Structure formats: C-alpha cells, structure tokens
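Quick notes on the structure that follows.
Worth saying up front: this structure is predicted, and the values here are computed from it rather than measured.
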Amino acid sequence: MIHGECDNDIPYTQAVQAKAGMPHAILITQPNGTHSCQFHTDWKRNFAQQIAFAKKHCGMEYDQAILDKVY
C-alpha cells in the first residue's frame with residue numbers, strides 16, 4: 001500500500017496498523033505526502049513498486065499497455 005505521512009483524511013497511523021495486520025504486505029511511505037498520493041513527486045516510482053508487488057504475489061492478470069499509457 002502507498003500512504004502519505006501527512007494525510008489529513010486517513011491518518012498515516014492507520015496504514016501502519018493495517019500493515020501490521022498483513023505480514024507479507026509492504027507499506028510505501030510518501031514523505032510529506034497527502035491523501036492525493038498521485039500528485040506526490042515519487043508517485044510513478046512508488047506506483048511501479050506497487051504494481052511489481054501485485055504481479056509477483058497476487059497472480060493478477062494485467063494489461064501492460066494500459067499501465068504504460070496511464071502511468
């Protein structure tokens with residue numbers, strides 16, 4: 001999951017608690033990030049990491065062309 005540490009809508013502490021309950025999950029913290037993670041300067045790198053995790057662990061089908069176009 002990706003969470004901004006300055007999120008005023010959903011406190012960052014809730015992301016930390018959620019991560020604690022999912023031992024195989026990863027928490028990507030966006031320093032000074034808000035609820036709108038996609039506007040953070042690290043968004044593309046963080047989202048790519050999230051997609052790589054999903055591809056490896058979730059067995060999801062995906063369309064790489066769409067991911068390349070949108071992000």
Task: Partners meeting side chain to side chain contact (heavy atoms under 4.5 Å, CB included) with Pro23 (sequence neighbours left out) - done: none
Task: Gln38 CD to Phe47 CZ distance, which is reported to the nearest 0.5 Å - done: 10.5 Å
- [ ] Report the distance from atom CD of Gln30 to atom OG of Ser36, rounding to the nearest 0.5 Å.
- [x] 10.0 Å
Task: Between NE2 on residue His40 and CD1 on residue Ile28, distance to nearest 0.5 Å - done: 12.0 Å
Pairs under 3.5 angstrom only: tabulate donor-acceptor contacts from the side chains of residues 2-16 to other protein residues two or more places apart or in another chain.
| unit_1 | atom_1 | unit_2 | atom_2 | d |
| --- | --- | --- | --- | --- |
| His3 | NE2 | Asp7 | OD2 | 3.3 |
| His3 | NE2 | Ile10 | O | 2.8 |
| Glu5 | OE2 | Asn32 | N | 3.0 |
| Asp7 | OD1 | Asp9 | N | 2.7 |
| Asp7 | OD1 | Ile10 | N | 3.0 |
| Asp7 | OD1 | His35 | ND1 | 3.3 |
| Asp7 | OD2 | His35 | ND1 | 2.8 |
| Tyr12 | OH | Thr29 | OG1 | 2.5 |

Task: Those residues that, when tested against Ala25, pass side chain to side chain contact (heavy atoms under 4.5 Å, CB included) (two or more places apart) - done: Lys19, Met22
Open item on the list: So, taking the atom named CD1 in Ile26 and the one named CG in Asn46, what distance separates them when rounded to the nearest 0.5 Å?
Closed with: 9.0 Å
Open item on the list: Suppose we screen for ring pair (Phe, Tyr, Trp, His ring centres under 6.0 Å). Which residues come up paired with Phe39, at least two apart in sequence or across chains?
Closed with: none
